[in-house]
Student: 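Mind having a look at this structure? Questions to follow.
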Amino acid sequence: MTHAQLKTQRAARDWPFKVKPLHPALGCEISGITLDEAVSPAMFAKVYEAFLDYELILFRDVDLPPATQVAFACNFGEVQIHVLSQYHGYKDHPEIYLLSNLDKDGNPSGKHPDRGTLYWHTDGSWKECTGQATMMYSEIVPNVGGETEFADMYSAYDLLPAAMKARIEGRRAIHNFDFSRTRRHGEDPLTAEQKAKVPPVAHPVVRTHPQTGRKAIFLGDHAETLEGMDYDEGRALIEEINLMITPPARVYSHKWAPHQCIVWDNRCTLHRATGFDEARLKRVMRRCTIVGDRPF
């Protein structure tokens, strides 16, 4: 689908809410309905259309307690319980992955909760059935830094040089959570039990979105090397492509305010957080990842 065709498709939609694009590449803000209305059976189908068309949807000024967040996420599908149990911040809601730099007294700890989030990735690519969508809610945000950036992987594929497309045609990348976690957060690696739950898995470098039928690059920081290729050669090619597919012009950078909810499509986007002063500023975010299917 060309950009012009996508614009025509969006213009033909009969959405009973307001949609405001956030960036030429991807993302929209939905307004004019409450979250309760958004998840009603009749309305959710329309909300999901916007989600597929824009790859990312934003709701501002919403009250989303943990139980409500999980219930909202369940409309998209089964919610993942993350293998990193140390991030389960709510006893009654293990589906929530809590990203907080606060200590037990509620003060900045000086430690980033998960430095892996600072690198381009797609959630759950290290599982056989990868992440379909992620829902992030902002509780406390710093006034400087701590943004989340999103890159469109449809156009990343479309804009790849023909020679690179030919080079990766039919290739599969090995996604390995132990590799990425150790590389980025080595002082808190996976335990032996956690590692056993998430063995490396191979996925196509170019995946077809199961609902839109569009092709997208599927790599990011969890991709370790390429199947059937010399390890170092595969590593180098993945790093080269990861740089090519995240040009600034195709990236939406979201400056958070408290009480915002973003849902993005992991099947056609990459994302990363930006740094902030962990010793002086507070940042508390709640994340749910919805399980998808095996890429093809």
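The analysis underlying the following values was restricted to heavy atoms, covering all of them including side chains, and did not include hydrogens, waters or symmetry mates.
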Student: Quick one, Y154 with E55, criterion side-chain hydrogen bond (donor to acceptor under 3.5 Å, both in side chains). Give me CA distance, side-chain angles, the key distance, then yes/no.
Tutor: CA-CA 10 Å; Y154 289 140; E55 307 168 52; over 6 Å; no
Student: Tell me whether L102 is reachable from I96 by hopping between hydrophobic residues (I, L, V, M, F, W, Y) whose side-chain heavy atoms are closer than 4.5 Å.
Tutor: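 Hydrophobic grouping puts I96 with L102.
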Student: Give, for atom CG of D36 and atom CG of D63, the distance between the pair rounded to the nearest 0.5 Å.
Tutor: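 D36 atom CG to D63 atom CG measures 10.0 Å (nearest 0.5 Å).
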Student: Does any part of the side chain of I262, heavy atoms only, come nearer than 4.5 Å to the side chain of F59, both counted from C-beta?
Tutor: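 They are not in contact (no side-chain heavy atoms under 4.5 Å apart), so the answer is no.
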Student: Quick check: do P204 and F296 have side-chain heavy atoms less than 4.5 Å from each other?
Tutor: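 Not touching, per the 4.5 Å side-chain cut-off.
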Student: Would you say the side-chain atoms of T34 pair up with the backbone N or O of E37, donor to acceptor, closer than 3.5 Å?
Tutor: yes
Student: Find the distance between CG (L35) and OG1 (T68) and round it off to the nearest 0.5 Å.
Tutor: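 Here the rounded value is 9.0 Å.
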Student: Given the rule in the ring pair (Phe, Tyr, Trp, His ring centres under 6.0 Å) test, do H175 and F218 qualify, once you have shown the distances and angles that lead to the verdict?
Tutor: CA-CA 10 Å; H175 293 249; F218 194 67; 5.4 Å; yes
Student: May I ask you to test the M164-L237 pair for a side-chain heavy-atom distance under 4.5 Å?
Tutor: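 M164 vs L237: side chains touch.
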Student: Cationic tip of R286 within the cone over Y137's six-membered ring, i.e. under 6.0 Å and within 45° of the normal?
Tutor: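 Checked: cation-pi criterion not met.
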Student: Would you say the side-chain atoms of D265 and Q132 include a donor-acceptor pair closer than 3.5 Å?
Tutor: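 No.
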Student: We want to know whether E139 and Q260 form a side-chain donor-acceptor pair, criterion being a heavy-atom distance below 3.5 angstrom.
Tutor: no
Student: Tell me which one of R267, R207, H209 satisfies side-chain contact (heavy atoms from CB on, under 4.5 Å) with P295.
Tutor: R207
Student: Would you check, one step at a time, whether the test salt bridge (charged side-chain N to carboxylate O under 4.0 Å, His left out) holds for E187 with R115?
Tutor: CA-CA 11 Å; E187 78 283 1; R115 287 192 302 277; 2.8 Å; yes
Student: Taking the side chain as every heavy atom from C-beta outward, state whether W264 and D123 have any pair of such atoms under 4.5 Å apart.
Tutor: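 A side-chain contact exists here, since the closest heavy-atom pair is under 4.5 Å.
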Student: Using the salt bridge (charged side-chain N to carboxylate O under 4.0 Å, His left out) rule, pick out the option among R184, R181, R283 that qualifies with D114.
Tutor: R181
Student: May I ask you to say whether R235 pairs ionically with E239, meaning some side-chain N is under 4.0 Å from a carboxylate O?
Tutor: yes
Student: Does the side chain to side chain contact (heavy atoms under 4.5 Å, CB included) test come out yes or no for Y90 and V70, once each step is laid out?
Tutor: CA-CA 11 Å; Y90 299 89; V70 173; over 6 Å; no
Student: What distance separates I30 CD1 from C261 SG, expressed to the nearest 0.5 Å?
Tutor: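 Here the interatomic distance stands at 10.0 Å.
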Student: Working to the nearest 0.5 angstrom, can you tell me the gap between L226 CG and L219 CG?
Tutor: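 L226 CG to L219 CG: 7.5 Å, rounded to 0.5 Å.
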Student: If you measure only the distance, is there a donor-acceptor pair under 3.5 Å linking the side chains of N101 and S109?
Tutor: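 N101 vs S109: no donor-acceptor pair found between side chains.
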Student: When you check the side-chain N and O atoms of H254 and T148, is any donor under 3.5 Å from an acceptor?
Tutor: no
Student: Atom CD1 in I33, atom OG in S40: separation rounded to 0.5 Å?
Tutor: 7.5 Å
Student: Could you walk me through whether R183 and D221 pass the side chain to side chain contact (heavy atoms under 4.5 Å, CB included) check?
Tutor: CA-CA 10 Å; R183 185 159 72 134; D221 206 54; 2.7 Å; yes
Student: Distance to the ring centre below 6.0 angstrom and angle to the axis at most 45 degrees; does that hold for K46 and F17?
Tutor: no
Student: Is R10 close enough and on-axis enough to Y54, meaning under 6.0 Å and within 45°, for cation-pi?
Tutor: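 Geometry flag: set, cation within 6.0 Å and 45°.
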Student: Cation over ring, R272 on Y119, under 6.0 Å and within 45°?
Tutor: no
Student: For atom NZ of K111, decide whether the heavy atoms of other residues, nucleotides or ligands shown that lie under 6.0 angstrom number more than 12.
Tutor: no
Student: Taking atom types as modelled and ignoring hydrogens, do the side chains of E147 and T274 form a donor-acceptor contact shorter than 3.5 angstrom?
Tutor: yes
Student: Side chains of Q80 and Y97: is there a donor and an acceptor less than 3.5 Å apart?
Tutor: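 Absent: no donor and acceptor within the cut-off.
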Student: With side-chain hydrogen bond (donor to acceptor under 3.5 Å, both in side chains) as the test, pick out the partner of E29 among R60, K20, K18.
Tutor: R60
Student: Side chains of E49 and R13, heavy atoms from C-beta outward: is any pair under 4.5 Å?
Tutor: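 Sidechains of R13 and E49: in contact.
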Student: Using distance alone, with no hydrogens and no angle criterion, decide if Q211 and Y48 have a side-chain donor and acceptor under 3.5 Å apart.
Tutor: yes
Student: Determine, stepwise, if the pair I290 / T134 fulfils side chain to side chain contact (heavy atoms under 4.5 Å, CB included).
Tutor: CA-CA 6 Å; I290 295 91; T134 293; over 6 Å; no
Student: Under 30°, 30 to 60°, or over 60°: which ring-plane class applies to F51 and F76, parallel, tilted or perpendicular?
Tutor: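 Perpendicular.
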Student: State, yes or no, whether a side-chain contact exists between Y157 and V206 at a heavy-atom distance under 4.5 Å.
Tutor: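 Answer yes - side chains close enough.
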Student: Looking at side-chain heavy atoms only, is the closest gap between V141 and V284 below 4.5 Å?
Tutor: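 Side-chain contact under 4.5 Å: no.
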Student: Can you label the angle between the H222 ring and the F177 ring as parallel, tilted or perpendicular, going by 30° and 60°?
Tutor: perpendicular
Student: Do I168 and L160 have side chains that approach each other closer than 4.5 Å (heavy atoms only, starting at C-beta)?
Tutor: yes
Student: So with a 6.0 Å cut-off around CD of E193, is the heavy-atom count from everything else above 12?
Tutor: no
Student: Test L281 against N143 for side chain to side chain contact (heavy atoms under 4.5 Å, CB included), laying out the working first.
Tutor: CA-CA 8 Å; L281 303 176; N143 56 0; 3.9 Å; yes
Student: Starting at OG1 of T212, measure out to CG of D53 and round the result to the nearest 0.5 Å.
Tutor: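 The OG1 atom of T212 sits 9.5 Å away from the CG atom of D53.
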Student: Okay, side chain of D103, backbone of D105: is any donor-acceptor separation there less than 3.5 Å?
Tutor: yes
Student: Please determine, by modelled atom types, if H88 and Q86 share a side-chain donor-acceptor pair under 3.5 angstrom.
Tutor: no
Student: Treat each ILVMFWY residue as a node, draw an edge where side-chain heavy atoms are under 4.5 Å apart, and state whether M229 and V205 are in one component.
Tutor: yes
